[in-house]
Amino acid sequence: MARTAEPARRQPADVLPVARVCVDLPLAHLDRPFDYLVPAAWADTAVPGTRVKVRFAGQLVDGWLLDRVASSAHPGRLAYLDRLVSPEPVLDPAVRALARAVADRYAGTLADVLRLAVPPRHARVEKEAAATPGGAAPATPGGAGAAPEPGSAPAAAARGGPRPTDPDGGWSAYPAGPALLRALADGRAPRAVWSALPGESWPDRLAEAAAATADAGRGVVLVVPDARDLDLLDAACAAALGPGRHVALTAALGPAERYRRFLALRRGAVRVAIGTRAAAFAPVADPGLVAVWDDGDDLHAEQRAPYPHAREVLLTRAQLADCAALVGGYARSAEAQLLVETGWARELVADRATLRRRAPRVEAIGADPQLARDPAAATARLPSLAWDAARAALRADAPVLVQVPRRGYLPSVSCQDCRTPARCPHCQGPLGLPAAGGHTACRWCARVAAGYACPACGSRRLRAAVVGARRTAEELGRAFPDVPVRTSGRDEILGAVDPGAALVVATPGAEPAAPGGYGAVLLLDTWAMLTRADLRAAEEAVRRWMAAAALARPARDGGQVVVVADAQVPPVQALVRWDPGGYAARELADRRELGFPPAARMVSLTGTPAGLAEFLAQARLPGSAELLGPVPAGAAERMLVRVRRAEGPALAAALHAAAGVRSAHKAPHPVRVQVDALELL
DNA sequence: ATAATAACGAGA
DNA sequence: CTCGTTATTATC
């Protein structure tokens, strides 16, 4: 750690004596570079990308050395850099450009994004790795497999794994698949929205795409929603790439291991990065491919300001680096559909014949309304068709997966008679029931919907959606006394289940892998998912159903999926016909009609009434901006700003500027700005 | 946080 | 009009 000895005698460096520095402060009005002099002694070590400390307004603050330049436009006297924290240029120039673009899109600051993009330094690790001959690969290149994570090592192929005997396995199951691999191998930049077949071993496909890219000498970034998916992808990459050619990045790693793997990428020792959302910023040199799996999962949304979404980070990255991009999932998000419809990406889908060979048989059966009144009785929620499917699978000595929603979903309001979700006549937001006796009101704009009548059937009667019971496992256990019952949920997630007859009750996202696939998959309490007070409730339901249904065996091997829901509603139709693309197109069309994201851009502003008023008085919003609210949000209030998609960047700029003025004035009531906030209750 | 600077007001 | 005190604002 360098330190200047005699400040009075310091001389600026001969060449490029000015360092442009991003100070690491979360203040919007300081979101620009500040110029400092580079002491001659550090002329060669103060390189762009390194961490520095500078005296800023009297105090020592951390900063990023962004650039070395010949002169400064600053009219005043420049201060010297105070310290070089480390000679390691941890901030890749391309990552810096990416971080700037992400900050701009999300109305945030560069410093905030850099905090997400670059892990904290670990001095000992830096030293140990630098000592390695050639300064290259550390002892544990960090193939993530190398990091033992207790209790989580399911085999790669376990989860709905591919049937090795399948004649049209691998990417050739998709007509455009081989061309995709060729394009990656040739160093071209294809962009695709991939609808994975049911039963697809997506980790193997992603690993193959990564291998094709890496073999062509270019880098790869693959992002998955959670640690369980990462374990699967890690194993697949180890198989496809061989040892030491990739690293897995996850929050669960300790600071040392995290930094070690980060350095392996930054120094170019490893070219393939896989991980959860923060890995979207991994400092992979010359990326040839970025990919995100299951982009509809809300785990891809970062929890820290400025709340960027991994899909958006990766797409921005693909755009900046002019590299290939792959957005994959069993289901398709409205955002992915938008990529297809704008022509930014191509569809990568199987033909119907292949789909028929691979898909389970899917049937929808309405729950008996008479029996459904008693939500505690699992048997009441199991129509005979579901009952029969489970029995048949168990008789064939195959496991049965039962998916039930998690408790605690917010009840929203829908029509008592036809169950169409009730929406605000003014802004199309969801209606909610007041806590104590008042009127039904919009959760977005707070308008009271007094004379509400269902647009579908004209009924004036409303009902709150009921959430299913949790006792499903016990109930089923009683119904099938000889069969072992396993549960997998938020508290205890099973990685995989043994082959053989068993009942597996799981909440969405916690479905264990079943080698050979499930004989039957039952999807229960579907109304609870469909009528959630969330703009994305239906899309999310389709995503979760498809993720569970994809674990079933193909129909020709007896695999059957029963969804206990009205077969007429579009989300159920999408599952029955296994048509993620068609459903996403419909969903996006609806959102266009209603002015919802991603067709429009929405930003939520949260703060005290005074703070919001002040903020909005300050902001010069674009012409098309529409204000909705305020509505109560916990102790504070929330407003939504809606603009046409094309005005998204202008809106972000305006909000960032307003935040800047307020932070400069030390405004007492902070306002939280969230672009593309997922929950728009 | 702190330092420079603008703004202000009381007393000559 | 000047000095001393206090708000304001920029921070290399």
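Just so it is clear, the values below take in all heavy atoms, side chains as well, and ignore hydrogens, waters and symmetry mates.
Separating the CG atom of A:L27 from the P atom of B:dA1 is a distance of 11 Å, rounded to the nearest angstrom. Distance CG (A:L66) to C1' (C:dC12): 13 Å, rounded to an integer number of Å. One can place CZ of A:F34 at 8 Å from C1' of C:dA10, the figure rounded to the nearest angstrom. When rounded to the nearest whole Å, the span between CG of A:D31 and P of C:dT11 equals 15 Å. With rounding to whole Å, A:D82 atom CG is found 15 Å from C:dT11 atom C1'. In this structure, A:R662 places its CZ atom 17 Å from C1' of C:dT8, rounding to the nearest Å. In this structure, A:H665 atom NE2 and C:dT8 atom P are separated by 9 Å, rounded to whole Å. In this structure, CG of A:L25 is placed 16 Å from P of C:dA10, rounded to the nearest angstrom.
Judged by distance alone, with hydrogens and angles left aside, the side-chain atoms of A:R68 form no donor-acceptor pair with the main-chain N or O of A:V38 at under 3.5 Å. Judged by distance alone, the side chain of A:R10 and the main-chain N or O of A:A41 form no donor-acceptor pair under 3.5 Å. A distance-only check finds a donor-acceptor pair linking the side chain of A:Y106 to the backbone of A:H309 [under 3.5 Å]. Formation of a donor-acceptor pair under 3.5 Å by the A:R258 side chain with backbone atoms of A:L249 is not found in this model.
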I'd like a list of close polar pairs between nucleotides 4-8 of chain B and the protein, N/O only, cut-off under 3.5 Å.
none

Taking only distance into account, with no hydrogens and no angle test, what donor-acceptor pairs under 3.5 Å do side-chain atoms of residues 653-660 of chain A form with protein atoms, sequence neighbours excluded?
| unit_1 | atom_1 | unit_2 | atom_2 | d |
| --- | --- | --- | --- | --- |
| A:H656 | NE2 | A:D31 | OD2 | 3.3 |
| A:H656 | NE2 | A:G108 | O | 3.3 |

If you look only at distance, which donor and acceptor atoms sit under 3.5 Å apart when one is on a side chain in residues 281-294 of chain A and the other is two or more places apart or in another chain?
| unit_1 | atom_1 | unit_2 | atom_2 | d |
| --- | --- | --- | --- | --- |
| A:D294 | OD1 | A:R543 | NH1 | 3.3 |
| A:D294 | OD2 | A:R543 | NH1 | 2.7 |

In residues 616-624 of chain A, what donor-acceptor pairs under 3.5 Å come from side-chain atoms, sequence neighbours left out?
| unit_1 | atom_1 | unit_2 | atom_2 | d |
| --- | --- | --- | --- | --- |
| A:S624 | OG | A:R644 | N | 3.3 |
| A:S624 | OG | A:E647 | OE1 | 2.2 |

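Between the side chains of A:S86 and A:E126, at least one donor-acceptor pair of N or O atoms lies under 3.5 Å.
A:A79 comes within 4.0 angstrom of sugar-phosphate atoms only, judged by non-hydrogen atoms across all strands, and of no base. Here A:R20 lies out of heavy-atom contact (under 4.0 Å) with every strand.
Of the listed nucleotides (B:dA1, C:dT11, C:dC12), C:dT11 has the atom at the smallest distance from the side chain of A:L30.
Within residues 44-64 of chain A, the residues that have a heavy atom under 4.0 Å from DNA chain B are, in order of number, A:A57, A:Q59.
Remark: A:F34 engages A:F56 in a ring pair (Phe, Tyr, Trp, His ring centres under 6.0 Å) (not counting sequence neighbours).
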